[in-house]
Visitor: 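Got a structure for you, questions after.
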Amino acid sequence: MDSSVPCAASASSAAPRAAWPRHGGLVLLALVVFALPLAARNDYVLDVAITVALNAIVCVGLNLLIGYAGQISLGHAGFFALGAYGAALLSGRFGWPALAALAGATAAVALLAWLVGRPILRLKGHYLAMATLGLGIIVAIVIATEDGITGGPDGMTVPPLAVAGFVLRGEQAWYALSGAALLLAVWLASNLIASPTGRALRALHASEIAAELAGIDSARHKLMAFVVSAVFAALAGGLAAFHAGFITPAKASFLHSIELVTMVVFGGMASTFGAVVGAAVLTVLPQLLTVLKDYEMVVFGALLMATMIFFPRGVVPTLAALWRRRRP
Amino acid sequence: MGAQALQFLAAGLTAGSIYALVALGFSIVFNASRVINFAQGEFVMIGGMAAASLVGAGAPLLLAIAGAVLLATAVGLLLEKLAIERAARADVTTLIIITIGASILLRGLAQLVWGKGIRALPPISGERPIELLGASVLPQSLWVLGATLAIVAALSWFFERTRAGRAMRATAANRLAAQLVGIDVRHVLLASFGLASALGAVAGALIAPIAFTSWDAGTLLGLKGFAAAILGGLGSFHGAVAGGLVLGLLESLGAGFVSSAYKDAIAFVVILAVLFVRPDGLVGALRSERV
């Protein structure tokens, strides 16, 4: 949202080193995803891990928009919830097969993002923040008000995810699915960032006018990042709905949008693995803090503030910079 | 029909005054720091909750309101000193996340201190509605309107006539140039957080007798105040006041004549529609970007 945001993935690093974080990080993430069920076999840990993976998918997409294209969105919970409610309605009420419902809801969200993205992305900075925030809140209010369709504030149940008669059940199966989806999302995002499109996004983040002078169609690239991030959010939302078997309008709330942006900035903007780390830390932390009961919000807020004060660029880029300085 | 419209007008101006006060807080902090202070709504909440709890403890109403405003101002100053100033070199997005952290922290503290229940504050001069051209108006609405008018007048005097106010305007116009003529922009930043939190708390204490207050009442009021500030052009003094009043009126008329279920959505539909046509708000001048 501000051109002073440093581009962590600047073109300054040499080509062979640039390849390392792209594939090395993915291998590392894959190892973590595979190792986790060996270390922890109880359903509670897996349930939290599934939530981490689904949140991380949203954050990896959102990071393309915020971290790389430099466009803020305070309304992505709206896309998440539309994906969730869309999948639930198509499969529950209209009897679509689960995968078709997931695809249909995601396609509808993509279309919506493409339609509203054109006028919204003309806005800059805080005006863009306001517009995306407004969009998210309108989605949340519609979902909470149209109780004939969505069940209103009480929420609605979602049928289980069944593919060709086989019903996906149990936390282990769900963990495998969401872990695989996360790896796919990270792989797609890394490839996109390394492609000419990713370069164009970083260029227009640094200076939109300079990028346009260099022949980059900034409106088209911003819209693409917006639609891709909305698709990631909708898919994760749909999966989350099938996994939980129940959804409420809270998933569409402004607070959820803020939570998603916070994960991206906390982990470190313009760092795909920062987005994953941010999602993991900020999903697990409230679970750990539940032992504090009434003090949970106070401690969470204080930790968030302290982290952003001492790691202003986000956790992963700040630690990476320290690591590089240690090894000249 | 006429009386009904008048009724909606009164309700709209009352809500609009509150949005205007909150919007002024957003604009003042934005001018000093380019930061959207997402904790602004929590100052509104603190104003209402602290006043209600002081009254509950036996304090006279006006003293309780003054105490609540002082408390909120102290919290605003602390937020600037302990968090914003320390992260002064971070970019704007990081600062915004810090204010979000502050808002979570303040809501958590409010829950701890004041509990999770809903609180009510007694109105300043009774609850008997005043009949006005067929519409019945709560005396508290008149207090809201009068207090807002007085505050806006006092702030215009402050920004036009006093050294401190001019220093704040100079910093908003050009931070570096302000520093060069000897203005300590750190003091301006501190003053703007203090002023914004006081304005929020006044708004909270004024609206609490009309709408109940609770630990999470600040979020939506804060967002509507932000929408009002954007509607009038972020950073514009008169824009914030006009934006608040326009938003309050549209909301009240929309809820009355179109759909009361979608009352809370109206502000955001309006702001989207306006931004699509005028990307810099109603008052904001279209600026060209510099490379």
Side-chain angles (χ1 to χ4, degrees), chain A residues 1-2 4-6 66 70 72 116 119-120 122-131 133-138 140-142 144-146 207-210 213 253-255 258-259 261-262 264-266 269 294-314, chain B residues 30 34-36 38 79 82-84 86-87 89-112 116 215-216 219-220 223 226-227 229-231 234-235 259 261-265 267-272 275-277 279-281 284 289-291:
Chain A
M1 55 201 294
D2 192 284
S4 67
V5 177
I66 299 178
I72 190 86
V116 297
I120 276 186
R122 278 171 49 217
L123 304 169
K124 299 210 186 328
H126 299 304
Y127 292 88
L128 178 64
M130 179 73 237
L133 184 164
L135 189 68
I137 289 183
I138 291 169
I141 292 177
V142 169
T145 308
E146 297 298 326
S207 166
E208 210 167 313
I209 291 184
L213 286 174
S253 70
F254 169 68
L255 294 178
I258 285 292
E259 212 179 319
V261 174
T262 303
V264 171
V265 180
F266 182 93
M269 286 189 289
D294 289 348
Y295 291 86
E296 184 191 332
M297 275 177 87
V298 176
V299 174
F300 183 79
L303 279 177
L304 181 59
M305 290 174 77
T307 313
M308 295 323 295
I309 292 170
F310 296 114
F311 299 84
R313 287 170 54 205
Chain B
F30 174 79
R34 305 285 129 187
V35 167
I36 298 299
F38 275 104
L79 169 64
L82 298 181
I84 303 296
R86 270 160 205 264
R89 286 192 306 166
D91 68 74
V92 170
T93 316
T94 301
L95 289 173
I96 289 176
I97 301 290
I98 291 176
T99 69
I100 290 172
S103 130
I104 297 173
L105 174 70
L106 291 175
R107 265 182 284 144
L109 283 174
Q111 247 186 36
L112 275 179
K116 293 186 186 178
W215 65 277
D216 59 352
T219 309
L220 196 59
L223 291 180
F226 179 34
I230 291 277
L231 187 64
L234 197 56
S259 156
Y262 282 106
K263 177 173 178 281
D264 286 332
F268 302 102
V269 172
V270 169
I271 195 79
L272 274 178
L275 286 180
F276 286 175
V277 183
D280 282 303
E289 194 186 348
R290 269 180 282 180
V291 183

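Throughout, a chain's letter reflects where its sequence line sits, starting with A, and its residues are numbered from 1.
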Visitor: With respect to chain A, which residue among B:Arg107, B:Arg86, B:Lys116 yields the maximal number of heavy-atom pairs within a distance under 4.5 Å?
Guide: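 The residue among B:Arg107, B:Arg86, B:Lys116 with the greatest pair count is B:Arg107.
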Visitor: Is there a side-chain contact between B:Ile97 and A:Val261 in this structure, where contact means two heavy atoms from C-beta onward sitting under 4.5 Å apart?
Guide: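 Side chain of B:Ile97 against side chain of A:Val261, heavy atoms only: contact under 4.5 Å found.
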Visitor: Is it the side chain or the backbone of B:Leu112 that comes within 4.5 Å of chain A heavy atoms, both, or neither?
Guide: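 Interface part for B:Leu112: side chain.
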Visitor: Taking the side chain as C-beta and beyond, is there a heavy-atom pair between B:Phe268 and A:Leu135 under 4.5 Å?
Guide: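 The answer is no, as the side chains (C-beta and beyond) never meet within the 4.5 Å cut-off.
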Visitor: Just how far is it from atom NZ of B:Lys263 to atom CD1 of A:Ile141, taken to the nearest 0.5 Å?
Guide: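 Rounded to the nearest 0.5 Å, the NZ-CD1 separation comes out at 10.0 Å.
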Visitor: Could you have a look at A:Phe310, A:Phe300, A:Tyr295 and say which one has the most heavy-atom pairs with chain B under 4.5 angstrom?
Guide: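 Of the candidates given, the most pairs with chain B belong to A:Tyr295.
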Visitor: Identify which part of B:Ile84 has an atom lying under 4.5 Å from any heavy atom of chain A, answering side chain, backbone, both or neither.
Guide: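 Interface part for B:Ile84: neither.
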Visitor: Of B:Thr99, B:Leu82, B:Ile100, B:Leu79, which meets side-chain contact (heavy atoms from CB on, under 4.5 Å) against A:Met305?
Guide: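 Going through B:Thr99, B:Leu82, B:Ile100, B:Leu79 one by one, the side-chain contact (heavy atoms from CB on, under 4.5 Å) with A:Met305 is satisfied by B:Leu79 alone.
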Visitor: Measure the shortest side-chain to side-chain distance between A:Glu259 and B:Ile104 over non-hydrogen atoms and say whether it is less than 4.5 angstrom.
Guide: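 Counting from C-beta outward, A:Glu259 and B:Ile104 never come under 4.5 Å.
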Visitor: Tell me, side chain or backbone of A:Val299 under 4.5 Å from chain B's heavy atoms, or both, or neither?
Guide: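 Neither the backbone nor the side chain of A:Val299 comes within 4.5 Å of chain B.
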Visitor: If you count heavy-atom pairs under 4.5 Å between each of B:Ser103, B:Ala90, B:Ala227, B:Ala229 and chain A, which one has the most?
Guide: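 Ranked by contacts with chain A, first place is B:Ala227.
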Visitor: Does any part of the side chain of A:Ile138, heavy atoms only, come nearer than 4.5 Å to the side chain of B:Leu272, both counted from C-beta?
Guide: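 They are in side-chain contact.
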Visitor: Do you know which of A:Thr262, A:Asp294, A:Val116, A:Ile137 has the most heavy-atom pairs under 4.5 Å to chain B?
Guide: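 Looking at each option in turn, the highest pair count goes to A:Ile137.
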Visitor: Which of parallel (below 30°), tilted (30 to 60°) and perpendicular (above 60°) describes B:Phe30 and A:His126?
Guide: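 Because their plane-to-plane angle is over 60°, the rings of B:Phe30 and A:His126 count as perpendicular.
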Visitor: Does any heavy atom of chain B fall under 4.5 Å from the side chain of A:Ile120, the backbone, both, or neither of them?
Guide: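 For A:Ile120, heavy atoms of backbone and side chain both lie under 4.5 Å from chain B.
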Visitor: Which of the residues B:Thr219, B:Leu223, B:Leu109, B:Leu95 is involved in the greatest number of heavy-atom pairs with chain A at under 4.5 angstrom?
Guide: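 Of B:Thr219, B:Leu223, B:Leu109, B:Leu95, B:Leu223 has the most heavy-atom pairs under 4.5 Å with chain A.
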Visitor: Side chain, backbone, both or neither: which part of A:Ile309 has a heavy atom under 4.5 Å from chain B?
Guide: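 When you check distances to chain B, atoms from both the backbone and side chain of A:Ile309 fall under 4.5 Å.
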Visitor: OG1/B:Thr94 to CZ/A:Phe311 distance, rounded to the nearest 0.5 angstrom?
Guide: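 Result: 13.0 Å between the selected atoms.
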Visitor: Which answer fits A:Leu128, side chain, backbone, both or neither, if we ask what part of it has an atom under 4.5 Å from a heavy atom of chain B?
Guide: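 For A:Leu128, no heavy atom lies under 4.5 Å from chain B.
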Visitor: Does B:Phe276, at its CZ atom, have more than 12 non-hydrogen atoms belonging to other residues, nucleotides or ligands within less than 6.0 Å?
Guide: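 It does: B:Phe276 CZ has more than 12 such atoms within range.
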